[in-house]
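All values reported here derive from a predicted model rather than from experimental measurement. To find a chain, count down the sequence lines: A is the first, B the second, and so on, and within it residues start at 1.
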2 protein chains.
Amino acid sequence: MTGITEAPRLTPAARRVLDVATELFYTRGINTVGMELVAERAGVTKKTIYDRFGSKQRLVVAYLRARDARWRDFLAAHQDPDASPRARIGATFEALDAWMRQENQRGCAMVNAYAELSDPEHPGRAVAEEQKGWLRDLYTDLARECGATAPGTLGSVLAMLHEGAVVARNVTGRPTPP
Amino acid sequence: MTGITEAPRLTPAARRVLDVATELFYTRGINTVGMELVAERAGVTKKTIYDRFGSKQRLVVAYLRARDARWRDFLAAHQDPDASPRARIGATFEALDAWMRQENQRGCAMVNAYAELSDPEHPGRAVAEEQKGWLRDLYTDLARECGATAPGTLGSVLAMLHEGAVVARNVTGRPTPP
DNA sequence: TTGTGAGTATACCGACCGGTGTGTTTACGT
DNA sequence: ACGTAAACACACCGGTCGGTATACTCACAA
């Protein structure tokens with residue numbers, strides 16, 4: 001059941017590269033971080049990066065997948081599968097709050113990537129789209145379990161609140177979670 | 001009462017530069033658009049741009065202010081100041097829907113700029129922060145006029161829904177406005 | 001008439017970008 | 001003991017970045 005995000009069996013150096021890239025791309029932005037800086041911070045030559053990842057585009061995709069996987073794991077760890085659907089919705093927002101408090105100082109990585117990767121062909125955009133679809137489906141399923149009359153609508157609204165909360169916390173101060 | 005956004009009295013060439021930059025920065029992203037391209041598309045030399053705007057940083061700030069002013073004008077044109085507060089909240093969301101349908105294919109310019117300008121010192125970030133604060137105040141005032149028990153909370157929630165709707169429309173398909 | 005501000009044309013700067021090629025060293029499994 | 005994969009060092013590529021310098025034209029106003 002771990003087949004959603006494949007495990008690409010990274011070499012030790014590739015692992016370091018991905019970790020460093022994840023940190024740098026998120027905090028400084030994808031376009032402002034060059035491959036040379038990634039190589040230097042990972043204690044690796046550019047050659048090694050290109051041998052392992054092929055191109056910056058693919059490294060970016062790997063970065064986005066890694067961020068997404070980390071968030072899903074985080075959420076799963078903060079969820080009690082046996083709790084009521086209503087409680088699980090609340091727990092999701094609480095997990096988001098905790099997530100932002102500790103690992104998220106620059107907003108949503110997917111939204112940021114979508115802003116930076118203006119080329120519609122960039123495969124990173126598809127990762128972000130998939131992630132947002134997943135999030136909406138998550139809330140829609142919870143709404144359905146709650147017995148909502150229009151689970152699709154409620155799920156979308158919850159997802160929008162989720163997204164808006166991230167933006168609000170990022171660009172302004174504290175939000176007020178309901 | 002037009003003193004919120006100053007009118008900088010642009011020369012004809014500067015006007016063209018700002019229009020072109022507004023279009024390019026929004027559709028392709030700030031960091032991926034070079035000054036040379038802006039100059040070419042505006043039918044102007046780089047020298048002229050640097051004579052009028054001084055630096056790319058300042059041109060970016062002018063771009064963000066122009067976008068913000070356009071949105072506020074658009075919203076004001078779609079608002080009936082004599083309508084009930086409740087109707088004006090609805091009208092705001094309808095204006096947002098119309099705005100996104102016709103001029104907004106790449107999400108919120110302020111959020112995108114915030115993603116691209118990772119340097120906390122960049123003055124463009126302050127423009128985005130101010131704009132988001134203004135939006136939240138707008139909803140908070142409307143909530144207060146509605147007689148809400150906690151206008152600040154309701155205003156923040158409405159602003160979050162607003163923001164989330166923009167993200168949803170941008171990265172996924174149609175949203176479902178309440 | 002004579003400035004002056006606006007704009008043009010062109011060449012240039014150092015720095016950095018993503019990406020490649022060649023060859024060498026290290027570590028591990030067989 | 002040997003082969004292979006991983007990582008190394010280093011030099012190089014064409015191209016673009018933001019920004020500057022010099023010198024010229026043009027329109028308009030005092």
J.: Surrounding CD of E145(B) (heavy atoms of other residues, nucleotides or ligands, distance under 6.0 Å), is the total greater than 12?
T.: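 Check passes, neighbour count above 12.
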
J.: Can you tell me which residue pairs pass the ring pair (Phe, Tyr, Trp, His ring centres under 6.0 Å) test with a partner in residues 18-67 of chain A, sequence neighbours excluded?
T.: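 For residues 18-67 of chain A: F25(A)-Y63(A).
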
J.: Assess whether a salt bridge exists between E163(A) and R169(B), defined as any Lys/Arg side-chain N lying under 4.0 Å from an Asp/Glu carboxylate O.
T.: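 No, E163(A) and R169(B) are not salt-bridged.
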
J.: Could you list the residues that satisfy side chain to side chain contact (heavy atoms under 4.5 Å, CB included) with E103(B), not counting sequence neighbours?
T.: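 Here the qualifying residues are R70(B), F74(B), W99(B).
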
J.: Which residues satisfy the side chain to side chain contact (heavy atoms under 4.5 Å, CB included) test with A148(A), sequence neighbours excluded?
T.: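 For A148(A) the side chain to side chain contact (heavy atoms under 4.5 Å, CB included) partners, ignoring immediate neighbours, are A143(A), L154(A).
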
J.: Identify whether the distance between the nearest side-chain nitrogen and carboxylate oxygen of D141(A) and R144(A) falls below 4.0 Å.
T.: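 Salt bridge flag = yes for R144(A) with D141(A).
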
J.: List for me each residue that meets side-chain hydrogen bond (donor to acceptor under 3.5 Å, both in side chains) alongside R28(B), sequence neighbours excluded, and say none if there are none.
T.: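 By the side-chain hydrogen bond (donor to acceptor under 3.5 Å, both in side chains) rule, R28(B) matches no residue at all.
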
J.: Could you work out, with side chain to side chain contact (heavy atoms under 4.5 Å, CB included) as the rule, every residue matching A83(B), not counting sequence neighbours?
T.: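 Partners of A83(B) under the side chain to side chain contact (heavy atoms under 4.5 Å, CB included) test: D80(B), A87(B), R88(B).
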
J.: Tell me, which of residues 43-50 of chain B have any heavy atom that sits under 4.0 Å from an atom in DNA chain D?
T.: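 Listed by number, they are K46(B), K47(B), Y50(B).
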
J.: What pairs with V44(A) under side chain to side chain contact (heavy atoms under 4.5 Å, CB included), at least two apart in sequence or on another chain?
T.: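 By the side chain to side chain contact (heavy atoms under 4.5 Å, CB included) rule, V44(A) matches A13(A), R16(A), V17(A), A42(A), T48(A), I49(A).
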
J.: With a 4.0 Å heavy-atom cut-off, tell me which residues in residues 11-21 of chain B come close to DNA chain D, sorted by residue number.
T.: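 DNA chain D contact set from residues 11-21 of chain B: none.
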
J.: Any pair with a residue in residues 49-58 of chain B that passes salt bridge (Lys or Arg N to Asp or Glu O under 4.0 Å), sequence neighbours left out, goes on the list, sorted by first then second residue, please.
T.: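 Sorted result for residues 49-58 of chain B: K47(B)-D51(B).
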
J.: Could you tell me how far apart D51(A) (CG) and dG21(C) (P) are, to the nearest whole angstrom?
T.: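 Rounding to the nearest Å, CG of D51(A) and P of dG21(C) are 11 Å apart.
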
J.: Heavy atom of residues 28-38 of chain B under 4.0 Å from DNA chain D: which residues?
T.: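 Within this stretch, V33(B), G34(B), M35(B) sit under 4.0 Å of the strand.
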
J.: Just to verify, what does E116(A) make a side-chain hydrogen bond (donor to acceptor under 3.5 Å, both in side chains) with, not counting sequence neighbours?
T.: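 Checked E116(A) against side-chain hydrogen bond (donor to acceptor under 3.5 Å, both in side chains); zero matches.
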
J.: W71(B) vs H162(B) aromatic rings, parallel, tilted or perpendicular, using cut-offs 30° and 60°?
T.: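 Taking H162(B) first and then W71(B), their aromatic rings stand perpendicular (interplane angle over 60°).
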
J.: On DNA chain D, reading 5' to 3', which nucleotide is the first and which the last to sit with an atom under 4.0 Å from a heavy atom of chain B, could you check?
T.: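 Nucleotide range with atoms under 4.0 Å of chain B: dC17(D) to dT22(D).
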
